[in-house]
2 protein chains.
Amino acid sequence: MISRERILEAAGRVYAKHGFRGATTRLIAIEAGVNEVTLFRTFGSKSALIDAVLMQQAVSKPALELPATPIDPAAELTPWVQMNLERVREIRPLLVHSMGEIDERPEAAEFACRGRQMVHECITRYVRALQDNGMADAETDADTAAVMLVGTVMSDAIARSFVPAVYPPLDEAAERYTTAFLRMLGVKKVVST
Amino acid sequence: MISRERILEAAGRVYAKHGFRGATTRLIAIEAGVNEVTLFRTFGSKSALIDAVLMQQAVSKPALELPATPIDPAAELTPWVQMNLERVREIRPLLVHSMGEIDERPEAAEFACRGRQMVHECITRYVRALQDNGMADAETDADTAAVMLVGTVMSDAIARSFVPAVYPPLDEAAERYTTAFLRMLGVKKVVST
DNA sequence: TCGGCAAGCAAGTAGGTACTTGCATACCCA
DNA sequence: TGGGTATGCAAGTACCTACTTGCTTGCCGA
């Protein structure tokens, strides 16, 4: 049963590189250092194997939380944005391929959507809390701001690798996005608490 | 020479659905209502055909311009954002597939990047003009705001189809994004000019 | 010491893939 | 009227694909 994990990891790497059609059972077997037959005996079919890969990825994320009651928004949001940037960057090839394959393999949809949904709920809750606590302008369009922050994170994490020129430097991105986001919401800087 | 265009269009549709590997020459030929051999006689190879498809797409865009000297930012930006949303939505499947195939087929990279680059330059020029004219706060991070607007547009156009719940209604999106963007820049509303 | 189980190996099946070749038709322009 | 040019059709090549079958090997626990 050691080979099960080896195959899953190998399949993940190969799928990330080549997508479903390009991830041949032969390639995966070689990458896993395993006989091709073992792959069928363990997972039944190539589709089942790839599904298992995506399923595992979707489950293995412990969800990045934000405090229920905000205190220092910039200090709380910046690392959250940073972490989300890194996470999406990690799974970028998987994400892009499964997005392209949604029509042909609807099973890929859940993987492509789940993370996005969760992040959206998290940030939306947070901005609501900001408004309720009077730390953000009550009349601003908080939902839109949240959508824009998450959209920015996705766009950066996915597109930076092939259009690097347009994005802020890697080590400044999270802070800049956060600052601009808080500006949108009309949040004042916290000097000391 | 009529078939050349027919093949190009058909190849575009099939590629959009199935990606490079899934867009078989047989499928394309059937979709074009043309003999498979004609396809090879006209383009030489499948790769050359798909390259031609992407090349044509990349060239056929006349670039959406913004005024060199802003007068009413909201009125100028909203339709621009709307148009860009629609454009990216149109080529979404093409974009997603070519993004996934960049590693394997670097020729796809130009198509995936070109539009993004141009839009970025356009909006950056515009916000600079806003700042120069004193219509936007001079000390705000205009570049980051521009990146966020474009990132939002890309994210909406690409992800709305499979995570519709998180995005603002279709007919309000452009206006909301524009409003939030102008807020980020500290642009006051123009009442009448 | 033996039985079961995971895995490897070699070979095969049935189908799909890009691409080629040779030949038959049309059609248009000179 | 004749020749080039675009296209169709049938067949074939060489290779890749997922997946199967039958047999062998090695390990592990009773």
Side-chain angles (χ1 to χ4, degrees), chain A residues 1-56 93-94 97-98 100-108 111, chain B residues 1-56 93-94 97-98 100-108 111:
Chain A
M1 275 297 168
I2 314 166
S3 40
R4 193 187 162 87
E5 311 250 327
R6 286 243 302 275
I7 295 173
L8 271 176
E9 284 175 27
R13 287 193 294 273
V14 176
Y15 176 75
K17 258 191 202 163
H18 302 103
F20 184 80
R21 278 194 160 89
T24 64
T25 50
R26 182 176 302 180
L27 264 181
I28 297 172
I30 293 173
E31 174 85 14
V34 145
N35 194 286
E36 199 176 342
V37 190
T38 306
L39 192 151
F40 288 99
R41 281 199 272 243
T42 314
F43 293 92
S45 74
K46 175 180 158 178
S47 297
L49 167 57
I50 301 296
D51 288 353
V53 169
L54 295 185
M55 203 67 82
Q56 186 195 245
L94 248 60
H97 278 126
S98 56
E101 291 159 5
I102 282 188
D103 294 347
E104 296 189 290
R105 309 189 348 101
E107 315 86 279
F111 171 72
Chain B
M1 274 297 166
I2 314 165
S3 40
R4 194 187 163 86
E5 311 248 329
R6 287 243 302 277
I7 295 173
L8 272 177
E9 285 175 27
R13 287 193 295 273
V14 176
Y15 176 75
K17 259 192 202 162
H18 303 103
F20 184 81
R21 278 194 161 89
T24 65
T25 51
R26 181 178 302 180
L27 265 181
I28 296 172
I30 292 172
E31 173 85 15
V34 144
N35 195 285
E36 199 176 342
V37 190
T38 307
L39 192 152
F40 288 100
R41 282 199 271 243
T42 314
F43 293 93
S45 75
K46 174 179 158 177
S47 297
L49 166 57
I50 301 296
D51 289 352
V53 168
L54 296 185
M55 203 66 83
Q56 186 195 245
L94 248 59
H97 279 125
S98 57
E101 290 159 6
I102 282 188
D103 293 347
E104 295 188 291
R105 307 189 349 100
E107 315 85 279
F111 171 72

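Residue numbers begin at 1 in each chain, while the letters A, B, ... track the order of the sequences.
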- Message: To the nearest 0.5 Å, what is the distance between CD1 on A:Ile50 and CE on A:Met55?
- Response: 12.5 Å
- Note on the structure: Out of D:dG8, D:dA18, C:dG8, minimum distance to the side chain of B:Asn35 belongs to D:dG8
- Task: Find the distance B:Ile30:CD1 to C:dG16:P and express it as a whole number of Å.
- Result: 11 Å
- Quick one: which residue pairs count as a salt bridge (charged side-chain N to carboxylate O under 4.0 Å, His left out) with a foot in residues 8-30 of chain B, not counting sequence neighbours? B:Arg13-B:Glu31, B:Arg21-B:Glu104
- Note on the structure: Here the salt bridge (charged side-chain N to carboxylate O under 4.0 Å, His left out) pairs for residues 34-55 of chain A, sequence neighbours left out, are A:Asp51-A:Arg105
- Task: Kindly say if B:Thr42 contacts the phosphate of D:dA6, meaning a side-chain N or O under 4.0 Å from OP1 or OP2.
- Result: no
- Item | Closest-nucleotide ordering on DNA chain C, the 5'-leading residue of B:Lys46 and A:Val34 | A:Val34
- Distance-minimising heavy-atom pair for A:Leu54 and A:Ser98: CD1-CB, 4.4 Å
- In terms of heavy-atom contacts, B:Phe20 and B:Tyr15 come closest through N-CE1, 3.3 Å
- Task: Could you pull out all residues at least two apart from A:Leu49 that satisfy side-chain contact (heavy atoms from CB on, under 4.5 Å)?
- Result: A:Ile7, A:Leu8, A:Ala11, A:Ile28, A:Leu39, A:Phe43, A:Val53
- Message: In this structure, how many angstroms lie between the C1' atom of C:dC19 and the CD1 atom of B:Ile50, rounded?
- Response: 15 Å
- Query: Roughly, in whole Å, what's the span from CZ in A:Arg26 to P in C:dA10?
  - Reply: 13 Å
- Return the minimal non-hydrogen interatomic distance between A:Ala16 and A:Pro93, and the atom names on each side. O-CB, 3.3 Å
- Message: Check the phosphate of D:dA18 against A:Thr25, side-chain N and O only, distance under 4.0 Å to OP1 or OP2. Yes or no?
- Response: yes
- Could you give the CZ-to-P distance, from B:Arg6 to D:dG8, as a whole number of Å? 8 Å
- Task: Let me know the distance between CZ of A:Phe43 and C1' of D:dC19, rounded to the nearest Å.
- Result: 16 Å
Between the protein and nucleotides 21-27 of chain C, are there any N/O to N/O pairs under 3.5 Å, and if so, what are the atom names and distances?
none

- Task: Whole angstrom is fine here: how far is it from CZ in B:Phe40 over to P in D:dT7?
- Result: 16 Å
- OP1 or OP2 of C:dA7 under 4.0 Å from side-chain N/O of A:Ser3: yes
- What residues, two or more places apart in sequence or in another chain, satisfy side-chain contact (heavy atoms from CB on, under 4.5 Å) together with A:Asn35? A:Val37, A:Thr38
- Note on the structure: Taken to the nearest whole Å, CG/A:Leu39 to P/D:dA18 is 9 Å
- Message: Any side-chain to backbone donor/acceptor pair from B:Glu101 onto B:Ala108? Under 3.5 Å, distance only.
- Response: no
- Do any of residues 9-22 of chain A sit with a heavy atom less than 4.0 Å from DNA chain C, and if so which? none
- Message: Just the rounded figure in Å: distance from C1' of D:dC16 to CD of A:Glu36.
- Response: 11 Å
